[in-house]
Amino acid sequence: MSEQNLTAEELLRSYTDEEAEAHAQEVGVDPRPRETVSEIDETGAFIRQPNAFIHPFGDKEGDWKAEANRYAIYWATGCNWSNRPIIVRDLLGLQDVIADQKTTHSGQTNRYGHGFGDQPGHRDPLTGAYFLSEFYKRGNPDFQGRATTPAFVDIIEKKTVNNDYHRLTNYLEVQFRPFQPKDAPDLYPKQFRKEIDELNDWLFPHVNNSHYRMAFCQSPEAYNEAFEDFYDSLDKLETRLSTNRFLFGDYITDSDVRAYVTLVRWDVSYYRNIGPTKHRIQDYPNIWGYLKELNAIPAFHHGSDPAVLAAAGHPGKDDNLFRGYPERILSKVDFQKLWADDGARKALSRTPEEPFLRHPEGETYEDYAGPISTTIWNSPSWEDRNPRNGTLSVDASINPLKGIL
């Protein structure tokens, strides 16, 4: 059967290591480093690599500039980091301004990292690349780390310009404001950016990266620290959401996107890699209701559909007696019924039928624009990136903008 007659799933399943090796030799890329080798400290804890492409979008000389039809977001279904900009792009109505392309594994063992195995010839349809790492090398020939998603790629020059998931959504919200509808949701209100940034930088180690801290660590001590940290953080968020419809009150912000992409994955995907769980996300009534309401919004559901996440990585069946929970149980779950939003959380809001703060009539780009803050999580120092550094000036269980936003 010719390649043209194969489905995307069949193309991906037939992608061999030998083919990936030949492609790598052709374009001169190296194998992808392993997190469990290169990002483990002396205690066995996983210390995630800093983002390598953090030069900002902005209005200063030398900053990257927002343009239509120049950039694409490269993302992966299972990657919470890369689902963030996809959700934000769609919420802000930028689908015709910024393209996107999903990545897959490369070959059977994924030795070369993110590729395009479900595409004809294993090539990216936007640029012709075989591997995500080609964009990284073109953006910085000295790059030595893991090529990760999301990658914000200049598809004209075929190079990565930004992979800073800590701030990439903020660039879409602010610097790409001129390309958004005038009444687009304001996910990053200018007067509240300090509070949103602070919570986001707390969410990173305590919630977003907790799964990876448990999944990649190499010592019981590091595992236990991450485990307790995560569930302590869930307790705080459960308390916060008991009196707040969203993390900062009546309206969805950038922080809600970040919390959602991790928590939506916990019961359907992440649990596979972390051992026994203390509680399911469903066991937190306020968090569970909050996630269901967000999931009912098409942009959130499209970026992180629980049913798709549950099936990802488990496409086949075997005849073993002890098949895994995803195949035995999750494959039979009615996700539409399970994730149906009953609307009850609207009662927590002063604007029950409007979950978004809208940009006001007459607001200009100059009114809204401003520099995006930097973050400690991009520091080259491992000690700076130690999860213990993720602190807040106000306990996470308390909304400092209660009644204001």
Q: Given L199, which partner from the list K194, R240, R258 fulfils the side-chain contact (heavy atoms from CB on, under 4.5 Å) test?
A: R240

Q: Quick one: are the ring centres of F356 and Y251 less than 6.0 Å apart?
A: no

Q: I'd like to know whether the aromatic ring centres of F53 and F152 sit less than 6.0 Å apart in this structure.
A: no

Q: When you check the side-chain N and O atoms of N208 and R84, is any donor under 3.5 Å from an acceptor?
A: yes

Q: Strictly below 4.0 Å, N to O, side chains only: are E225 and R388 in salt-bridge contact?
A: yes

Q: How are the rings of Y270 and W266 set to each other: parallel, tilted or perpendicular (split at 30° and 60°)?
A: perpendicular

Q: Are a donor atom and an acceptor atom from the side chains of W64 and N162 found within less than 3.5 Å of each other?
A: no

Q: Between F192 and F248, does the ring centroid distance fall short of 6.0 Å?
A: no

Q: Determine whether the aromatic ring centres of residues F204 and H166 are separated by less than 6.0 angstrom.
A: yes

Q: Can N389 and D384 be counted as having a side-chain donor-acceptor contact under 3.5 angstrom?
A: no

Q: For the ring pair Y284 and H279, is the centre-to-centre distance below 6.0 Å?
A: yes

Q: Test: salt bridge (Lys or Arg N to Asp or Glu O under 4.0 Å). Region: residues 53-72. Which pairs qualify, not counting sequence neighbours?
A: E67-R70, R70-D154, R70-E157

Q: Please report whether the ring centroid of Y71 lies less than 6.0 Å from that of Y171.
A: no

Q: Taking 4.0 angstrom as the limit, do E26 and R123 come out as a salt bridge?
A: yes

Q: Are a donor atom and an acceptor atom from the side chains of T127 and D124 found within less than 3.5 Å of each other?
A: yes

Q: Identify whether the distance between the nearest side-chain nitrogen and carboxylate oxygen of D342 and K292 falls below 4.0 Å.
A: no

Q: Ring centroids only, cut at 6.0 angstrom: are Y74 and F135 within range, meaning strictly under it?
A: yes

Q: Output yes when E293 and K346 qualify as a salt bridge under the 4.0 Å nitrogen-oxygen rule, no when they do not.
A: no

Q: Please indicate whether H55 has more than 12 foreign heavy atoms, meaning atoms of other residues, nucleotides or ligands, lying under 6.0 Å from its NE2.
A: yes

Q: Can you tell me if S304 and R265 form a side-chain donor-acceptor pair at under 3.5 Å?
A: yes

Q: Check the side chains of N286 and S242 for a donor-acceptor pair under 3.5 angstrom, ignoring hydrogens and angles.
A: no

Q: Do the side chain of K190 and the main chain of D367 share a donor and acceptor less than 3.5 angstrom apart?
A: yes

Q: Would a 4.5 Å heavy-atom cut-off, applied to side chains only, mark I287 and L234 as touching?
A: yes

Q: Say whether, by atom type as modelled, one donor and one acceptor occur between the side chain of R345 and the main chain of R245 under 3.5 angstrom.
A: yes

Q: Just checking K278: does its NZ atom have more than 12 heavy atoms from other residues, nucleotides or ligands closer to it than 6.0 angstrom?
A: yes

Q: Run E173 and R177 through salt bridge (charged side-chain N to carboxylate O under 4.0 Å, His left out) and show every step you take.
A: CA-CA 6 Å; E173 290 151 356; R177 173 67 185 129; over 6 Å; no

Q: Report the residue from T169, L172, V88, D197 that forms a side-chain contact (heavy atoms from CB on, under 4.5 Å) with Y188.
A: D197

Q: Pairing donors with acceptors under 3.5 angstrom, does anything connect the side chains of N163 and Y136?
A: yes

Q: Do the side-chain N and O atoms of R193 and S373 include a donor-acceptor pair separated by under 3.5 angstrom?
A: no

Q: Does either side chain, that of N80 or that of Y165, offer a donor lying less than 3.5 Å from an acceptor on the other one?
A: no

Q: One thing to verify: whether R358 and E361 come together as a salt bridge, which I'm taking to mean a side-chain N less than 4.0 angstrom from a carboxylate O.
A: no

Q: So H359 and D183, do their side chains get closer than 4.5 Å, heavy atoms only?
A: no

Q: I'd like to know whether the aromatic ring centres of Y15 and H122 sit less than 6.0 Å apart in this structure.
A: yes

Q: With no hydrogens and no angle check, do the side chains of E198 and S393 hold a donor and an acceptor under 3.5 Å apart?
A: yes

Q: If you apply the rule ring-ring contact (aromatic ring centres under 6.0 Å, His included), what do you find for F46 with Y212, and how did you get there?
A: CA-CA 8 Å; F46 171 62; Y212 302 96; 7.1 Å; no

Q: Side chains of N378 and D164: donor-acceptor distance under 3.5 Å anywhere?
A: yes

Q: Between D250 and R350 (salt bridge meaning N to carboxylate O under 4.0 Å), is one present in this structure?
A: yes

Q: Using 4.0 Å as the upper bound for N to carboxylate O, is an ion pair formed by R146 and E35?
A: yes

Q: Using side-chain heavy atoms (C-beta onward) and a distance below 4.5 Å, is W81 in contact with V261?
A: no

Q: Between E21 and Y112, do the side chains contain a donor N or O and an acceptor N or O under 3.5 Å apart?
A: yes

